[in-house]
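Note sheet for the following structure.
This one's a predicted model, so the numbers in the text were calculated from it and none came from an experiment.
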Amino acid sequence: PVGKQLEDKTSYWELCNTKKIDYLKKLQKWEQVNSLAKDVLQQNPDQWSLYLDYITSVFHIIYDNNENKGEVNDETVDKGIEDAVSFITFQQDHHTKCRAPFLAQMELQSRLIARRDPNVDEKDMVTLMVKYYKKFGSKQCASMDLQLFLPSLQDSQADKFFKDVFEEITFDENLVPCNVDQMHRHVNWYQLRRYWGHHHSPLANNAKRCQVVGELINIYEKCLPLVKNFKSTEICPNDGYIMLAGQILWDLWMETEKD
């Protein structure tokens with residue numbers, strides 16, 4: 001029977017749990033959302049969207065408890081920030097190769113900052129972001145992951161973040177990334193600076209942007225020996241440099257209409 005075949009498919013159960021959580025959220029059954037999300041995450045620890053539901057449920061449970069002056073009796077439910085941190089760090093310790101648990105800790109921190117929680121130390125966000133970069137900075141998606149949390153930083157914190165992650169990149173004597181992984185880290189660093197506004201005014205005037213374009217083209221060419229074994233049809237790691245240079249030049253042309 002079709003039903004019996006579906007029972008053996010992981011994707012079927014993932015769909016069922018996802019739909020169940022969606023309905024529980026609409027019904028505002030936050031304790032059940034919390035408990036189910038935890039169960040699913042322990043089986044599928046890299047399911048990023050479920051961490052968002054889990055964190056949302058924790059804040060709702062805290063709010064409901066404060067409003068109703070009641071307590072949650074279900075021991076499987078996380079009813080406070082300390083519980084959430086414990087669960088997320090447990091997931092990190094037991095699933096070290098998964099990005100989602102580390103993203104979840106930054107998401108929790110960013111929400112606490114947004115709520116101006118008196119117990120939160122905003123400097124911790126820099127520490128978490130640098131930690132994430134150290135672990136996953138060689139992945140092409142790292143800049144897209146971290147840009148989600150840049151708005152949580154103050155200017156001085158962003159300066160420290162960019163300084164600290166740059167120090168994690170290994171260069172040779174010619175200031176060229178030592179290998180493909182370091183190249184990815186370097187491209188991600190440039191991309192994150194672009195997200196922050198370092199390739200736009202007022203942080204960069206036209207002369208500064210032209211200088212950055214020159215740097216990107218230069219390092220693209222110097223990295224060519226590192227990608228000589230890539231096929232001509234493949235996207236090479238150093239292509240990120242030339243793409244960024246093209247984006248800056250496009251911005252300049254749109255603003256000035258000068259060749």
Side-chain angles (χ1 to χ4, degrees), residues 48 99-100 102-103 106 110 125-126 129-259:
W48 167 232
R99 290 162 38 233
F102 295 88
L103 288 169
M106 290 187 286
S110 70
M125 179 58 88
V126 177
M129 292 175 70
V130 172
K131 176 183 175 183
Y132 185 88
Y133 184 88
K134 286 181 179 179
K135 192 170 184 62
F136 301 108
S138 60
K139 293 183 178 292
Q140 288 179 301
C141 59
S143 61
M144 291 182 287
D145 289 343
L146 287 169
Q147 71 159 316
L148 298 172
F149 309 106
L150 284 175
S152 297
L153 302 181
Q154 303 292 333
D155 288 347
S156 60
Q157 295 166 353
D159 290 341
K160 176 173 172 50
F161 167 71
F162 288 121
K163 177 180 177 293
D164 289 352
V165 297
F166 187 79
E167 292 174 354
E168 293 299 319
I169 306 169
T170 306
F171 299 94
D172 64 15
E173 64 277 6
N174 298 314
L175 298 181
V176 176
C178 289
N179 52 45
V180 169
D181 281 349
Q182 298 306 314
M183 205 185 305
H184 282 310
R185 288 182 180 275
H186 198 206
V187 169
N188 282 326
W189 180 78
Y190 268 109
Q191 288 175 332
L192 286 165
R193 283 174 63 82
R194 178 172 175 79
Y195 292 140
W196 186 253
H198 281 280
H199 299 166
H200 303 88
S201 60
L203 295 181
N205 57 26
N206 290 357
K208 176 61 177 177
R209 286 190 275 183
C210 287
Q211 178 186 334
V212 174
V213 168
E215 292 174 2
L216 290 166
I217 294 173
N218 182 51
I219 199 162
Y220 167 81
E221 293 175 343
K222 288 184 175 180
C223 285
L224 288 172
L226 292 173
V227 298
K228 61 184 179 181
N229 294 326
F230 281 76
K231 295 179 180 179
S232 59
T233 54
E234 290 182 299
I235 297 176
C236 296
N238 64 329
D239 287 346
Y241 295 117
I242 214 70
M243 290 172 66
L244 277 167
Q247 289 170 350
I248 297 171
L249 288 172
W250 173 258
D251 291 340
L252 284 169
W253 185 83
M254 290 294 291
E255 293 172 19
T256 65
E257 296 187 358
K258 294 180 180 180
D259 294 336

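Although no hydrogens or angles enter the test, the distance criterion places no donor-acceptor pair under 3.5 Å between the side chain of Arg185 and the main chain of Val165.
Taking the six-membered ring for Trp and the full ring otherwise, Phe166 and Phe171 have centroids separated by under 6.0 Å.
The salt bridge (Lys or Arg N to Asp or Glu O under 4.0 Å) pairs that include a residue from residues 201-213 are Arg209-Glu255, where partners are two or more places apart or lie in different chains. Contacts classified as side-chain hydrogen bond (donor to acceptor under 3.5 Å, both in side chains) and involving residues 168-182 (residues at least two apart or in different chains) are not found. Pairs of residues two or more places apart, or lying in two chains, never qualify as salt bridge (Lys or Arg N to Asp or Glu O under 4.0 Å) while including a residue from residues 236-248. For residues 211-232, there are no salt bridge (Lys or Arg N to Asp or Glu O under 4.0 Å) pairs, not counting sequence neighbours. Identified under the side-chain hydrogen bond (donor to acceptor under 3.5 Å, both in side chains) test for residues 136-159, with sequence neighbours left out: Arg99-Asp145, Tyr132-Asp145, Ser143-Asn188, Ser143-Gln191.
For His186, the side-chain hydrogen bond (donor to acceptor under 3.5 Å, both in side chains) partners are Tyr241, not counting sequence neighbours. Annotation: side chain to side chain contact (heavy atoms under 4.5 Å, CB included) contacts of Arg193 (sequence neighbours excluded): Phe162, Trp189, His198.
Residues Ala245 and Ile217 approach most closely at CB-CG1, 4.2 Å, considering heavy atoms. Heavy atoms only, all atoms of each residue included: Leu203 and Trp196 are closest at CD1-O, 4.0 Å. Counting all heavy atoms, side chain and backbone alike, Pro237 lies closest to Val180 at CG-CG1, 3.5 Å. The two residues Phe102 and Lys135 make their nearest non-hydrogen contact at CZ-CE, 3.6 Å. Nearest heavy atom pair, residue Leu226 against residue Pro177, reads CD1-O, 3.2 Å. Summarising the geometry of Cys210 relative to Leu252, their closest heavy-atom pair is SG-CD1, 3.9 Å, with the distance given to 0.1 Å.
Other residues, nucleotides and ligands place more than 12 heavy atoms under 6.0 Å from the CG atom of Leu224.
Distance CG/Leu150 to OG/Ser110: 11.5 Å, rounded to 0.5 Å. With rounding to the nearest 0.5 Å, the separation of CD1 in Ile248 from CD in Gln211 is 11.0 Å.
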Decide yes or no on side chain to side chain contact (heavy atoms under 4.5 Å, CB included) for Tyr133 and Ile169, but give the supporting numbers first.
CA-CA 10 Å; Tyr133 184 88; Ile169 306 169; 3.6 Å; yes
Run the side chain to side chain contact (heavy atoms under 4.5 Å, CB included) test on Asp251 and His199 for me, step by step, so that the C-alpha distance in whole Å, both residues' side-chain angles and the decisive distance to 0.1 Å come before the verdict.
CA-CA 9 Å; Asp251 291 340; His199 299 166; 5.7 Å; no
Would you please test Leu146 and Phe136 for side chain to side chain contact (heavy atoms under 4.5 Å, CB included) and show each step?
CA-CA 10 Å; Leu146 287 169; Phe136 301 108; over 6 Å; no
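Contact check for Lys163 versus Glu167: side-chain heavy atoms found under the 4.5 Å cut-off.
With Leu216 as the partner, the side chain to side chain contact (heavy atoms under 4.5 Å, CB included) test is satisfied by one option alone out of Ile242, Asn238, Leu244: Leu244.
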